[in-house]
Amino acid sequence: MKTTGAQALIESLLREGVEHIFGYAGATICPAADALSATPQIGYTLVRTEQNAGHMASGYARVTGKPGVCMVTSGPGATNLITGIATAYMDSIPMVAITGQVPSHLLGRDIFQEVDITGAVAPFSKHSYLVKDAREIPRIVKEAFHIASTGRPGPVLIDIPIDIQQQEIEKPVFPAEVNIRGYKPSVRGNELQIKRVAEAISKAKQPLICAGGGVWLSHARDELLELAERNAIPVVKTMMGISVLPTDHPLNLGMIGAHGNRCANQALAKADLLIMVGTRAADRAMVDPEDIANRMATIHIDVDPAEIGKNLIAAIPLVGDVKVILQQLLERDITAPDSAAWLERLREYRRAELDRVFPAREGYVFPGTFLRKLGGKLAEDAVVCVDVGQNQLFACKYLPQKQGRLLTSGGLGTMGYSLPAAVGVKVAQPDKQTIVICGDGSFQMSMNELAAIKTAGLDIKIIVFRNNVLGLVHQIQNSPAYRGPFGVALDGSPDFAAIAAAYGIPSIAVDCEADVDAAIDRILGAEGSVLAIVNVHPDVTTND
């Protein structure tokens with residue numbers, strides 16, 4: 001009995017354990033959509049714009065650890081997906097993106113809705129395939145999932161012309177294993193380098209761990225915590241590693257960087273050994289990497305050898321899977337450094353920051369005040385999806401972390417990320433408390449996905465900080481380098497409560513700090529999704 005390329009595709013996805021796809025159909029992906037409609041084992045979410053299919057797949061991947069899958073049509077469908085792919089690439093999120101394509105014999109003729117999507121995404125995808133024979137689909141899908149989820153994770157694109165989806169083939173061969181010549185990611189760390197790291201930790205007086213998103217990607221949270229606790233090493237985090245430790249953990253000093261916590265940056269300024277774990281050491285986190293390298297010994301642990309030394313020269317580079325390397329270190333007999341005085345001084349810095357009193361203005365709510373109270377009332381394992389801009393920086397600095405996750409677009413800084421990412425999270429884990437935090441600018445970039453929330457009956461609590469400007473750009477333009485704010489006033493913004501009501505979602509307005517506690521209780525206690533509109537003064541800055 002013959003089968004089609006489209007049927008082989010969906011069967012291949014089933015064999016990879018795919019349970020859900022986020023997508024938007026179009027003519028050139030119709031054969032695959034038709035095959036999917038006959039496969040009830042795989043759920044499907046119709047997005048309202050293709051970019052958000054990538055963000056939903058990203059949210060799904062981040063909480064499950066499995067590649068998220070999105071599927072769109074050719075031309076503008078594929079190009080709209082580019083931002084979702086690039087966002088996943090910059091944050092090393094495993095994803096398989098499937099795009100329809102015009103008939104293979106017409107490629108290169110600029111026909112209706114043709115675009116070279118494999119070429120377009122080459123700079124920010126881990127790998128891509130243009131399928132030329134339906135018999136190759138099972139192998140290509142197997143390889144795509146392997147590449148997306150191993151080594152440094154990332155998005156892989158599979159572009160399938162419509163005639164290849166329709167091509168009839170004999171019984172397809174589904175490979176059991178993957179063997180890609182030249183692709184053998186490092187897993188275990190070099191034993192000599194492991195020994196050097198152990199010795200450096202033992203000799204340090206003021207050691208510091210910097211944890212990045214790679215800790216989550218390699219499922220190494222427990223190992224990192226054990227290494228830090230066993231050796232009494234304080235921990236700072238990059239934005240992507242922000243929820244690795246609970247806020248109240250005695251070794252947690254918060255987020256480093258230009259927009260980070262003061263105590264975390266003070267620790268970085270005074271440390272004599274920096275252990276970077278699963279982080280790029282990019283500019284937002286390491287403002288002056290040359291100064292850091294000159295002041296202290298540095299250890300850099302990462303699965304991607306290209307990241308070692310790219311932004312900060314490491315005295316001891318260590319390439320491999322973060323989880324495996326931390327396990328190797330834990331097997332070593334490391335003499336814990338005598339850092340009691342160091343820790344106590346840092347804890348004084350931390351206490352001062354956690355106990356600070358936020359500024360208040362009548363008729364407005366300061367974001368830090370709202371976030372501190374919100375975090376205290378969230379479930380232990382809540383997932384918080386944060387957008388980009390001032391809301392992101394306030395959340396990373398002031399939202400208390402417990403045992404859950406904070407998801408955000410840390411690398412590309414994609415506005416409109418949080419709402420669709422939360423949909424992906426909720427689809428993957430329906431029983432997990434899921435929160436969106438965004439500004440009124442970023443909310444308007446993806447509020448059409450309220451339709452996806454309504455259709456699936458999802459329970460997502462959406463917090464919109466409304467200040468009627470693009471807050472972070474407004475803040476930057478108020479600095480002496482510029483003539484003042486320009487092109488950032490959100491004039492003409494809709495009535496968000498009316499928008500939510502149009503989708504059948506109730507809303508709550510919060511414009512007084514005295515009402516914050518009661519409002520949060522109402523938000524979290526409500527059945528189903530709720531939109532909370534929190535009134536913030538336009539002149540509030542992340543430095544307040």
### Task
Report the C-alpha distance between Leu407 and Val63 in whole Å, list the side-chain angles of each, state the deciding distance to 0.1 Å, and finish with yes or no for side chain to side chain contact (heavy atoms under 4.5 Å, CB included).
CA-CA 9 Å; Leu407 310 183; Val63 294; 4.1 Å; yes

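- Counting only heavy atoms from C-beta outward, the side chains of Ile93 and Arg62 approach each other to under 4.5 Å.
- No side-chain donor-acceptor contact under 3.5 Å links Lys310 to the backbone of Arg280.
- The two atoms that bring Ser409 and Asp91 nearest to each other are CA-OD2, 3.5 Å, heavy atoms only.
- Between the CG atom of Leu326 and the CD atom of Glu226 there is a distance of 9.5 Å, given to the nearest 0.5 Å.
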Exercise answer: donor-acceptor pairs, residues 498-518 side-chain atoms, under 3.5 Å, sequence neighbours excluded:
residue	atom	partner	partner atom	Å
Glu513	OE2	Phe366	N	2.7
Asp517	OD2	Lys373	NZ	3.3

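- Counting all heavy atoms, side chain and backbone alike, Asp387 lies closest to Cys438 at CB-CB, 3.7 Å.
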### Task
Show the numbers, then the answer: is there a side chain to side chain donor-acceptor pair (under 3.5 Å) between Glu229 and His249?
CA-CA 10 Å; Glu229 289 179 337; His249 192 285; 2.7 Å; yes

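- Here the straight-line distance linking atom CZ of Arg350 with atom SG of Cys263 works out to 4.5 Å at 0.5 Å rounding.
- Counting heavy-atom neighbours within 6.0 Å of Glu362 CD, excluding the residue itself, gives a total of 12 or less.
- With a 4.5 Å cut-off on side-chain heavy atoms, Leu412 and Phe124 do not count as touching.
- The two residues Cys210 and Thr279 have their closest heavy-atom pair at O-CG2, 4.2 Å.
- Within a 6.0 Å radius of CZ in Arg262, other residues, nucleotides and ligands contribute 12 heavy atoms or fewer.
- Closest approach of Pro234 and Trp342 over heavy atoms only: CG-NE1, 3.5 Å.
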### Stepwise side chain to side chain contact (heavy atoms under 4.5 Å, CB included) check, Asp539 with His474
CA-CA 8 Å; Asp539 291 336; His474 180 267; 3.5 Å; yes

### Task
For the pair Phe394 and Phe465, evaluate ring-ring contact (aromatic ring centres under 6.0 Å, His included) and give the outcome as yes or no after the intermediate values.
CA-CA 11 Å; Phe394 281 122; Phe465 288 125; 7.4 Å; no

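- When all heavy atoms of Gly54 and Leu81 are compared, the pair lying nearest together is N-CD1, 3.7 Å.
- Contact of the Gln266 side chain with the Leu253 side chain is not registered, since no non-hydrogen atoms from C-beta on lie closer than 4.5 Å.
- At least one side-chain heavy atom of Gln444 sits under 4.5 Å from a side-chain heavy atom of Ser493.
- Using a 4.5 Å cut-off on side-chain heavy atoms (C-beta onward), Ile463 and Leu371 make no contact.
- Within the model, atoms OG1 of Thr49 and CE of Met445 stand 12.0 Å from one another, a figure rounded to the nearest 0.5 Å.
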### Task
Verify side chain to side chain contact (heavy atoms under 4.5 Å, CB included) between Lys66 and Tyr60, making sure each step is shown before the conclusion.
CA-CA 8 Å; Lys66 304 189 301 182; Tyr60 185 98; 4.1 Å; yes

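- Evaluation of the salt bridge (charged side-chain N to carboxylate O under 4.0 Å, His left out) test over residues 468-495, restricted to residues two or more places apart or in two chains, returns none.
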### Task
Would you check, one step at a time, whether the test side chain to side chain contact (heavy atoms under 4.5 Å, CB included) holds for Met240 with Val215?
CA-CA 9 Å; Met240 294 302 296; Val215 175; over 6 Å; no

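- Annotation for Ile209 and Leu227: closest pair CD1-CD2, 4.3 Å, computed over non-hydrogen atoms.
- Looking at Glu353, its side chain never comes within 3.5 Å of a backbone N or O of Tyr349 through a donor-acceptor pair.
- Between the side chain of Asn467 and the backbone N or O of Val536 there is no donor-acceptor pair closer than 3.5 Å.
- Checked by atom type and distance alone, the side chain of Arg48 never pairs as donor or acceptor with a backbone atom of Leu450 at under 3.5 Å.
- With rounding to the nearest 0.5 angstrom, the CG atom of Leu208 is 6.5 Å from the CG atom of Leu268.
- Between Leu224 and the options Leu245, Val322, Ile233, a side chain to side chain contact (heavy atoms under 4.5 Å, CB included) holds for only Leu245.
- A donor-acceptor pair under 3.5 Å links the side-chain atoms of Ser529 to the main chain of Ile460, judged by distance alone.
- Side-chain atoms of Ser149 never come within 3.5 Å of backbone atoms of Pro67 as a donor-acceptor pair (strictly under, hydrogens ignored).
- Pro367 places a side-chain heavy atom less than 4.5 Å from the side chain of Val540.
- Using a 4.5 Å heavy-atom cutoff, the side chains of Glu307 and Met276 are not in contact.
- One distance of note links CG of Asn391 with CG of Leu399; it measures 11.5 Å at 0.5 Å rounding.
- In this structure, the side chain of Asp272 does not engage the main chain of Ala204 through any donor-acceptor pair within 3.5 Å.
- For the pair Leu393/Gln390, no side-chain contact is recorded, criterion being any heavy-atom separation below 4.5 Å from C-beta on.
- Side-chain atoms of Asp321 come within 3.5 Å of backbone atoms of Lys323 as a donor-acceptor pair (strictly under, hydrogens ignored).
- Of the candidates Asn265, Ile256, Leu346, Ile256 is the only one forming a side chain to side chain contact (heavy atoms under 4.5 Å, CB included) with Val236.
- Under a 3.5 Å cut-off, the side chain of Gln433 and the backbone N or O of Leu378 do not form any donor-acceptor pair.
- To the nearest 0.5 Å, atom OG1 of residue Thr83 and atom NE2 of residue His55 are 6.5 Å apart.
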### Message
With salt bridge (charged side-chain N to carboxylate O under 4.0 Å, His left out) as the criterion, how do Arg230 and Glu223 come out once you've worked through the C-alpha distance, each side chain's angles and the decisive distance to 0.1 Å?
### Response
CA-CA 10 Å; Arg230 187 186 294 183; Glu223 287 80 3; over 6 Å; no

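- Sorted by first and then second residue, the side chain to side chain donor-acceptor pair (under 3.5 Å) pairs with a member in residues 449-462 read Asn52-Glu449, Asp459-Lys461; sequence neighbours excluded.
- The backbone N or O of Val244 sits less than 3.5 Å from a side-chain atom of Arg221, completing a donor-acceptor pair.
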